[in-house]
Number of protein chains: 2
Amino acid sequence: MYQHKMEDDIRCPLEYGLEVFGGKWKSRIICVLAEKGILRYSELRKEMSNITDAVLASTLKELIVDDIVHRKSFDEIPPRVEYCLTEKGKSVVPILQSICRWSGAYHKEDNENTMLQCKKCDYKRGKGGNL
Amino acid sequence: MYQHKMEDDIRCPLEYGLEVFGGKWKSRIICVLAEKGILRYSELRKEMSNITDAVLASTLKELIVDDIVHRKSFDEIPPRVEYCLTEKGKSVVPILQSICRWSGAYHKEDNENTMLQCKKCDYKRGKGGNL
DNA sequence: CAAGTAACTATGAAATTTATTAGTAGCTCA
DNA sequence: TGAGCTACTAATAAATTTCATAGTTACTTG
């Protein structure tokens with residue numbers, strides 16, 4: 001996924017954006033943190049059914065590198081680490097909401113009856129979804 | 001990529017949106033058609049440096065299935081096929097623009113000097129880019 | 001009559017993304 | 001004593017996406 005190599009930075013901003021919050025789990029993590037505020041690692045995982053540790057941890061790393069998510073670790077045992085959105089992270093939420101509105105409108109038309117519930121989050125059509 | 005199977009339609013709208021215009025070439029095709037209006041297959045390919053026929057043709061198919069792009073073929077020889085955005089396709093342009101604006105702002109901060117030119121399109125920082 | 005054209009398709013390989021499984025430290029509770 | 005907890009990492013495998021190469025049809029132009 002996105003890494004800060006020189007070569008990769010010579011790109012148009014549209015692609016940068018899609019890389020930062022595209023990808024299978026990134027937008028979902030941003031949604032959950034936008035809704036809940038601060039979450040520990042294990043709480044975050046509980047919110048994301050079907051994600052494994054390897055994937056969650058590496059996705060979080062990417063979001064941290066891109067300054068979307070902030071990580072705060074406490075010096076306790078058992079370990080405690082909290083995640084929340086950065087200001088930059090919060091600023092993508094309106095974009096995600098506009099994508100939701102857009103596709104809500106069009107997808108509904110295409111498939112009135114089938115799009116009732118999401119497997120990955122608790123979105124229900126007409127209920128405002130996860131944002 | 002996205003296909004209209006029942007299973008895939010039970011998803012949250014955010015993912016539907018990201019699938020429709022995410023992906024390596026989709027947003028680029030939408031941008032070009034938004035700017036130029038109607039283009040023949042070969043003209044479209046000329047605009048997208050480094051894409052191959054296999055990828056362009058299959059990406060176009062996906063965009064057509066999702067009703068983002070309209071295909072009109074003329075009964076001539078040599079063949080003539082024209083592509084343009086549908087109304088639904090035009091309606092994603094503002095979203096792509098908002099992504100551009102967002103990442104233009106943030107990416108600039110991160111990498112003031114490196115993000116000058118895109119390899120895939122003619123975006124130049126500060127010049128309004130490809131949208 | 002050979003070469004070129006437009007808009008593709010088919011096939012297989014390479015690259016990338018995502019998933020699976022197992023394991024880590026250092027404590028606490030039964 | 002040992003099982004459980006937290007927040008991960010490592011190694012590998014599977015799945016998906018993207019790419020490269022070559023070929024197709026039915027004409028037209030040199």
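Every chain is numbered from 1 and lettered A, B, ... according to where its sequence line falls, protein lines coming before strand lines.
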Closest-nucleotide mapping onto DNA chain D: is B/Val55 or A/Glu82 further toward the 5' terminus? I mean the 5' end. A/Glu82

Whether the side chain of A/Lys88 engages the backbone of A/Asp66 through a donor-acceptor N/O pair (distance < 3.5 Å, no angle test) should be reported. yes

A/Lys72 has an atom NZ; how far is it from atom P of D/dT6, in whole Å? 20 Å

Rounded to the nearest angstrom, tell me the gap between atom CG in A/Asp75 and atom P in C/dG26. 12 Å

How would you summarise protein contacts on nucleotides 22-30 of chain D per nucleotide, using B for base, S for sugar-phosphate only and - for none, with heavy-atom distances below 4.0 Å? ----SS---

Residues passing the side-chain contact (heavy atoms from CB on, under 4.5 Å) test with B/Thr59, sequence neighbours excluded, are B/Trp25, B/Lys26, B/Ile29, B/Val55, B/Leu63

Distance, rounded to the nearest Å, where A/Arg71 contributes CZ and D/dT6 contributes P: 16 Å

Would you say A/Tyr41 places a side-chain N or O within less than 4.0 Å of OP1 or OP2 belonging to D/dC5? no

Tell me every residue that passes side-chain contact (heavy atoms from CB on, under 4.5 Å) with B/Ser58, counting only those two or more places apart in sequence or in another chain. none

Separation of C/dT18 P from A/Leu60 CG (nearest whole Å): 14 Å

Looking at B/Arg40, I'd like to know whether one of its side-chain N or O atoms comes within less than 4.0 Å of OP1 or OP2 on C/dA7. yes

Using a heavy-atom cut-off of under 4.0 Å over every strand shown, decide if A/Val81 touches base, sugar-phosphate, or nothing. sugar-phosphate

When the distance from NZ of B/Lys61 to P of D/dT18 is rounded to whole Å, what number comes out? 16 Å

State whether B/Lys24 places a side-chain N or O below 4.0 Å from either non-bridging phosphate oxygen (OP1 or OP2) of D/dC19. yes

With sugar-phosphate meaning primed atoms plus P, OP1 and OP2, does B/Tyr83 contact a base, only sugar-phosphate, or nothing at under 4.0 Å between heavy atoms? sugar-phosphate

With sequence neighbours left out, what residues match A/Glu82 under side-chain contact (heavy atoms from CB on, under 4.5 Å)? A/Ile38, A/Arg40, A/Phe74, A/Arg80

Give a yes or no on whether the backbone of B/Gly22 and the side-chain of B/Ser27 come within a donor-acceptor separation of less than 3.5 Å. no

Just to be sure I understand the rule, does B/Arg45 reach a base, reach only the sugar-phosphate, or reach nothing, if contact means heavy atoms closer than 4.0 Å? nothing

Report the residues that fulfil salt bridge (Lys or Arg N to Asp or Glu O under 4.0 Å) with A/Lys90, sequence neighbours left out, ordered by chain and then residue number. A/Glu87

Could you check which of D/dT9, C/dA19, C/dT9 has an atom nearest any side-chain atom of A/Ala57? D/dT9

Apply salt bridge (Lys or Arg N to Asp or Glu O under 4.0 Å) to A/Lys61 and list each qualifying residue two or more places apart in sequence or on a separate chain. none

Atom pair distance, as rounded to whole Å: CE in A/Met48 and C1' in D/dA7: 16 Å

B/Glu62 CD to D/dT16 C1': how many Å, rounded? 12 Å

OP1, OP2 of D/dC19 versus side-chain N and O of B/Trp25: anything below 4.0 Å? yes

Could you state the CG-P distance from A/Leu63 to D/dC8, rounded to the nearest angstrom? 13 Å

OP1 or OP2 of C/dA7 under 4.0 Å from side-chain N/O of B/Ser42: yes

Using the ring of each side chain (for Trp, its six-membered ring), is A/Trp102 parallel, tilted or perpendicular to B/Tyr16, with breaks at 30° and 60°? parallel

